[in-house]
Amino acid sequence: MSIKVYVTDYEYATLEPEKRELDKIGAVMFPKQCKTEADVIRECKDANGLIDQYAPITRKVMEALPDLKVVGRYGVGVNTIDVDAATELGIQVLNVPDYCMDEVSNQAISLMLACHRKLNILNSQVHHHGWDYKIAKPIHRLQGQTLGLLGFGRIPKMVAQKAKAFGLNIIAYDPYVEPEVGLQYDVTILPLKDVLQKADIISVHVPLTKDTENLLNEQTLSWMKPEAIIINTSRGPLIDENALYHALKDKKIGYAGLDVTVQEPIQEDNPLLTLDNVMITPHVAWYSEEAELELKTKVAQGVADVLSGKKAKYLVNRDVL
């Protein structure tokens with residue numbers, strides 16, 4: 001019997017990189033466009049492996065796919081997959097944690113600089129035939145300010161390295177990282193409240209979990225400086241958008257640069273769109289042509305490795321072994 005791998009859903013123009021990797025083990029690939037649990041159960045019922053983008057891979061789904069051995073996720077986060085259930089059911093979960101580190105760190109730095117210099121306001125004015133720098137006042141010197149990183153994994157470490165070129169002092173919050181690790185990067189690891197209180201710029205890089213959802217909320221936002229900037233290139237639900245809107249509107253914080261939102265695409269009536277001290281990009285931080293090819297190749301390689309009896313390089317739920 002042939003090995004069957006279903007792509008539950010995808011936004012890419014081609015799946016040739018995935019097919020190329022799966023062909024190496026004689027697997028047959030079935031592209032689908034599932035949106036719900038019922039879609040996945042109906043369309044992928046005889047799957048040995050899944051490659052998933054946004055479709056929900058819940059306990060119910062996995063229990064309904066008796067031959068399922070592995071789920072690979074397009075991306076770093078695995079919030080679409082019930083990892084605990086997968087572990088209980090003996091299903092390996094894979095991600096691709098290193099495919100877009102350069103791209104996401106560059107996007108974070110780009111949003112940081114654009115917000116600090118208020119480029120959207122200035123650009124919009126010129127397009128409407130204005131020419132007055134004073135509408136962006138006050139802008140303070142970036143050198144010597146403090147960048148606070150929420151999370152200190154692969155990507156924020158790269159952000160820290162790049163931010164040093166701008167003369168920033170760097171602090172970070174990560175309950176899973178020892179202070180000695182931060183010192184290797186000239187970064188001071190501090191509690192969350194201390195980071196939010198001290199930082200002029202906050203860049204969010206934590207994974208989305210039950211514990212981190214709405215990490216930035218009415219209370220934690222109130223700890224920040226009134227001219228502080230928030231950058232989020234991780235996941236939208238890490239920030240309570242209603243609290244963020246009111247903090248920005250009431251000038252309790254200065255600016256936000258968001259590559260991700262709670263609902264994507266962002267709803268047309270989202271009040272954040274009415275503010276000029278917000279810059280929003282359409283979840284593009286991960287993207288370059290090279291990153292896309294790397295992502296697609298690596299996720300398919302991982303699924304192929306598991307289905308051919310090899311050890312996967314990027315196994316999320318190591319307890320499954």
Side-chain angles (χ1 to χ4, degrees), residues 73-79 94-117 119 142-190 192 195-196 198-209 212 215-216 228-236 238-239 255-260 279 281-299 302 313-314 316:
R73 172 106 209 293
Y74 286 120
V76 179
V78 290
N79 49 291
L94 317 177
N95 66 346
V96 188
D98 59 354
Y99 78 100
C100 61
M101 296 189 299
D102 186 52
E103 288 78 6
V104 176
S105 59
N106 285 344
Q107 184 81 2
I109 295 288
S110 298
L111 285 170
M112 177 184 79
L113 295 175
C115 290
H116 178 258
R117 300 297 302 178
L119 296 187
L142 184 62
Q143 185 179 25
Q145 291 196 15
T146 297
L147 169 63
L149 302 170
L150 302 189
F152 200 59
R154 291 178 176 90
I155 290 171
K157 285 173 181 173
M158 189 169 282
V159 172
Q161 291 174 323
K162 293 175 180 180
K164 288 178 184 177
F166 298 97
L168 289 164
N169 304 310
I170 305 172
I171 58 179
Y173 161 74
D174 194 318
Y176 303 102
V177 172
E178 296 297 328
E180 293 76 17
V181 175
L183 293 176
Q184 297 173 23
Y185 295 84
D186 195 23
V187 173
T188 304
I189 305 295
L190 296 171
L192 176 63
V195 171
L196 294 178
K198 294 175 183 292
D200 301 290
I201 303 162
I202 290 291
S203 191
V204 183
H205 300 281
V206 299
L208 177 60
T209 67
T212 61
L215 178 66
L216 292 179
I229 295 168
I230 293 175
I231 305 300
N232 188 8
T233 54
S234 185
R235 288 291 183 269
L238 295 168
I239 301 177
Y255 235 92
L258 311 175
D259 186 58
V260 288
M279 295 187 67
T281 54
H283 203 149
V284 69
W286 66 274
Y287 170 71
S288 70
E289 288 293 305
E290 293 79 6
E292 181 175 313
L293 176 60
E294 185 178 352
L295 170 65
K296 291 154 65 66
T297 300
K298 284 184 172 180
V299 73
K313 183 176 181 180
Y314 303 113
V316 175

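For the atom pair E103 CD and S110 OG, the distance stands at 11.5 Å (nearest 0.5 Å). Rounded to the nearest 0.5 Å, atoms CD1 (I202) and CG (L147) are 7.5 Å apart. To the nearest 0.5 Å, atom CG of residue L113 and atom CG of residue L142 are 6.5 Å apart. Distance check, rounded to the nearest 0.5 Å: CG of L295 to CD of E290 gives 13.0 Å. Atom CE of M279 is separated from atom CD1 of I229 by 11.0 Å, given to the nearest 0.5 angstrom. Rounded to the nearest 0.5 Å, atoms CG (L150) and CD1 (I239) are 9.0 Å apart.
Inter-residue side-chain proximity for Q107 and V104 is flagged as unmet; no heavy-atom pair is nearer than 4.5 Å. For the pair R235/H283, a side-chain contact is recorded, criterion being any heavy-atom separation below 4.5 Å from C-beta on. Between L149 and Y173 there is no side-chain heavy-atom pair separated by less than 4.5 Å. You'll find the side chain of K157 stays beyond 4.5 Å of the side chain of M101, heavy atoms only. Side-chain contact between W286 and E292 is present, with at least one heavy-atom pair separated by less than 4.5 Å.
Judged by distance alone, with hydrogens and angles left aside, the side-chain atoms of N95 form no donor-acceptor pair with the main-chain N or O of G75 at under 3.5 Å. R154 places no side-chain N or O within 3.5 Å of a backbone atom of M158 that could act as its donor or acceptor partner. Of the possible donor and acceptor atoms, one in the side chain of N169 sits under 3.5 Å from a partner among the backbone N and O of G144. Side chain of N79 to backbone of L208: no donor-acceptor contact under 3.5 angstrom is found. Counting only distance, with no hydrogens or angles, the side chain of T297 and the backbone of E294 share no donor-acceptor pair below 3.5 Å. With D200 contributing its side chain and A228 its backbone, the two residues share no donor-acceptor pair below 3.5 Å. Panel note: side chain T281, backbone V284; no donor-acceptor pair is recorded below 3.5 Å. Side-chain atoms of S288 come within 3.5 Å of backbone atoms of A291 as a donor-acceptor pair (strictly under, hydrogens ignored). A donor-acceptor pair under 3.5 Å is absent between the side-chain atoms of T233 and the main chain of A285, judged by distance alone.
Heavy atoms only, all atoms of each residue included: P97 and Y314 are closest at CD-CD2, 3.3 Å. Across V187 and A160, no two heavy atoms sit closer than the pair CG2-CB, 4.0 Å. Scanning both residues, V78 and L94, for their nearest heavy atoms gives CG1-O, 4.4 Å. Nearest heavy atoms, S234 versus V206: OG-O, 2.6 Å. K198 and T146 make their closest contact through O-CB, 3.8 Å (heavy atoms, listed as atom of the first residue, atom of the second, distance). Nearest heavy atom pair, residue A108 against residue V159, reads CB-CG2, 4.2 Å.
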Begin with the C-alpha distance, continue with both residues' side-chain angles, and end with the deciding distance and a verdict on side chain to side chain contact (heavy atoms under 4.5 Å, CB included) for L258 and L111. CA-CA 8 Å; L258 311 175; L111 285 170; over 6 Å; no
Is there a side chain to side chain contact (heavy atoms under 4.5 Å, CB included) between I170 and Q161 once you walk through the steps? CA-CA 10 Å; I170 305 172; Q161 291 174 323; over 6 Å; no
L216 vs L238, test: side chain to side chain contact (heavy atoms under 4.5 Å, CB included). Steps then yes/no. CA-CA 6 Å; L216 292 179; L238 295 168; over 6 Å; no
Show the numbers, then the answer: is there a side chain to side chain contact (heavy atoms under 4.5 Å, CB included) between N232 and D259? CA-CA 6 Å; N232 188 8; D259 186 58; over 6 Å; no
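Checked for salt-bridge contact, K162 and D102 meet the test: a charged N lies under 4.0 Å from a carboxylate O.
In E178, the CD atom is not crowded: 12 or fewer heavy atoms of neighbouring residues, nucleotides or ligands sit closer than 6.0 Å.
Ring geometry for F152 against Y185 counts as perpendicular: the plane angle is over 60°, on a 0 to 90° scale with 30° as the lower cut.
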